Asker: 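Below you will find the structure I want to go over with you.
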2 protein chains.
Amino acid sequence: MTSAAPETRPYHHGDLSRALIDAARRILERDGPAALSLRAVAREAGVSPAAPYHHFKDKNELLEAVAHEGWVALDTALLTARASAADARDRMTGLGVAYVQFARDNPALYRVMYDRSRDKDALPDQMKEEGAYCQVRNTISEQTGGGVTDIDLELATIAAWCAAHGLAEMISFKQFAPLKELLGGEDAFLRAVFEHLGMFSKYDRG
Amino acid sequence: MTSAAPETRPYHHGDLSRALIDAARRILERDGPAALSLRAVAREAGVSPAAPYHHFKDKNELLEAVAHEGWVALDTALLTARASAADARDRMTGLGVAYVQFARDNPALYRVMYDRSRDKDALPDQMKEEGAYCQVRNTISEQTGGGVTDIDLELATIAAWCAAHGLAEMISFKQFAPLKELLGGEDAFLRAVFEHLGMFSKYDRG
DNA sequence: GCACCAATCTAAACGGCGTCAAGATAATCT
DNA sequence: AGATTATCTTGACGCCGTTTAGATTGGTGC
């Protein structure tokens with residue numbers, strides 16, 4: 001035996017960790033988060049169900065690697081949005097729109113990213129140097145010209161993050177479809193929602 | 001056989017649907033969402049693994065029933081918050097705080113509630129009469145004295161909902177612990193974040 | 001009071017899952 | 001070269017959701 005074409009993959013894969021992460025992302029996009037089992041990933045990569053355990057401690061660790069790549073991709077998306085903001089008048093909203101668009105374009109990946117965060121009760125990746133969280137804080141700092149206390153800066157960053165995440169999770173809800181159409185598309189809807197975010201401070205203490 | 005104590009539960013349960021939902025909520029609170037398997041629910045209720053299928057089409061339908069009760073509980077929590085708001089100056093923020101507190105006090109239940117919504121891409125329950133969504137909209141309407149267009153009212157409601165949901169999902173993240181302490185507790189932290197929600201419209205077009 | 005029917009529950013099985021232990025294979029080091 | 005180590009497979013375990021077939025019961029019509 002062991003005949004057939006010489007095309008039989010070698011016993012050792014070469015870079016299975018990489019291949020597994022890619023396979024996972026492929027399954028996520030193609031079949032959604034529910035189909036993302038460790039066995040399915042191994043199948044997709046063409047190895048046995050136990051093979052991944054030589055590269056990841058368990059399923060969770062593989063998902064964390066996938067989530068990490070997701071956060072990196074979000075970082076670059078936000079960097080691009082900041083760079084391409086025409087004038088300074090639209091930096092924050094542009095950033096928020098870019099964030100939600102990323103979630104809308106990568107729904108399964110975004111879900112994995114946040115599921116991992118919830119399980120750990122933390123946002124490790126995006127606190128880094130050029131992490132998404134720091135990018136939001138830096139943008140606010142730029143927009144205010146530094147004229148804001150550290151505490152207010154942190155609170156505004158958190159507020160922005162919460163609003164963007166909340167919108168990211170609901171942007172695809174069917175109930176909003178008519179309103180989106182009324183406003184002339186999803187992007188216009190996004191900007192409109194961001195503009196109304198002040199309602200707590202605006203409508204209270206009246 | 002068939003002896004022992006007469007305490008043996010009758011073959012027919014009486015109200016198993018109710019018992020299953022209660023068992024599910026008990027497991028959620030005690031062991032978290034990851035432990036919520038249909039078999040575990042049946043075990044907790046003292047019946048065989050197949051018994052639930054005479055009352056729910058599948059696991060999803062049981063979870064939906066649990067989620068529904070969660071939304072009802074949230075509705076009453078928000079109703080209470082609105083009723084007990086001392087002065088009119090704090091209605092919206094009070095509502096937001098109550099929302100996030102509910103999520104913080106029932107984290108596993110809140111997760112089930114939103115997981116079901118995400119799978120259906122819709123928020124069915126809370127759109128009803130006294131549903132949470134309508135309560136937010138009505139409160140905004142009250143606070144503005146009706147001096148706002150229908151579209152703006154809807155957009156403000158969505159914005160409020162997104163912000164509250166985003167904050168609800170992150171309120172327990174460890175990164176915020178120092179800031180919470182600095183501000184004198186979680187409630188103060190919550191109010192402070194809500195006050196900063198206007199950053200998109202405030203810091204842009206400057 | 002009783003036969004029947006429908007509702008309800010159990011027992012047993014299926015395939016799929018995450019994970020682990022043992023053994024096969026191949027690359028690397030000496 | 002031989003030995004060591006990393007990598008992959010096979011096969012198994014217990015748990016999961018779900019289905020099928022059969023047991024048990026409550027209710028209805030006579």
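Values in this document were obtained by computation on a predicted structure and should not be read as measured data. All chains are named by letter (A, B, ...) in the order of the sequence lines, taking the proteins before the strands, and each is independently numbered beginning at 1.
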Asker: Between A40(A) and A50(A), who's closer to the 5' end of DNA chain C by nearest nucleotide?
Answerer: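 Result of the comparison: A40(A).
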
Asker: OP1, OP2 of dC9(C) versus side-chain N and O of H55(B): anything below 4.0 Å?
Answerer: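 H55(B) to dC9(C) OP1/OP2: side-chain N or O found under 4.0 Å.
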
Asker: Quiz question: by atom type and distance under 3.5 Å, do the side chains of E29(B) and N106(B) form a donor-acceptor pair?
Answerer: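 No.
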
Asker: I want to verify a distance call: between dG11(D), dT10(C), dG17(D), whose nearest atom is closest to the K59(B) side chain?
Answerer: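 Nucleotide nearest to K59(B)'s side chain: dG17(D).
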
Asker: What's the closest nucleotide to the side chain of L16(B) if the choices are dA11(C), dC9(C), dT10(D)?
Answerer: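 It is dC9(C).
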
Asker: Less than 4.0 Å between a side-chain N and a carboxylate O, is that true for E64(B) and K120(B)?
Answerer: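 Judged by the 4.0 Å cut-off on N to carboxylate O distance, K120(B) and E64(B) do form a salt bridge.
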
Asker: Nearest whole Å is fine: how far is dG17(D) P from L62(B) CG?
Answerer: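 Distance, rounded to whole Å: 10 Å.
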
Asker: Specify the separation, in whole Å, of atom CG of D31(A) and atom C1' of dC17(C).
Answerer: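 In whole Å, dC17(C) C1' lies 16 Å from D31(A) CG.
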
Asker: Take the protein atom CZ of R39(A) and the nucleotide atom P of dT9(D), then report the distance between them rounded to whole Å.
Answerer: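 It works out to 13 Å between those atoms.
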
Asker: How many Å lie between OH on Y53(A) and C1' on dT9(D), as a whole number?
Answerer: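 Rounding to the nearest Å, OH of Y53(A) and C1' of dT9(D) are 15 Å apart.
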
Asker: After noting the C-alpha distance and the side-chain angles of M170(A) and C162(B), does the key distance pass the side-chain contact (heavy atoms from CB on, under 4.5 Å) rule?
Answerer: CA-CA 7 Å; M170(A) 310 208 235; C162(B) 290; 4.0 Å; yes

Asker: Tell me: NE2 of H54(B) to P of dA21(D), nearest whole Å?
Answerer: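 In whole Å, dA21(D) P and H54(B) NE2 are 13 Å from each other.
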
Asker: Check the side chains of R104(B) and S172(B) for a donor-acceptor pair under 3.5 angstrom, ignoring hydrogens and angles.
Answerer: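 The criterion, which ignores hydrogens and geometry beyond distance, is not satisfied for R104(B) and S172(B).
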
Asker: Once you apply a heavy-atom cut-off of 4.0 Å, does S37(A) come out as touching a base, just sugar-phosphate, or nothing?
Answerer: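 Counting heavy atoms under 4.0 Å across all strands, the contact made by S37(A) is with sugar-phosphate only.
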
Asker: Using heavy-atom distances to pick each residue's nearest nucleotide on DNA chain C, tell me which of K57(A) and A35(A) is more 5'.
Answerer: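 Taking each residue's closest nucleotide, the earlier one in sequence belongs to A35(A).
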
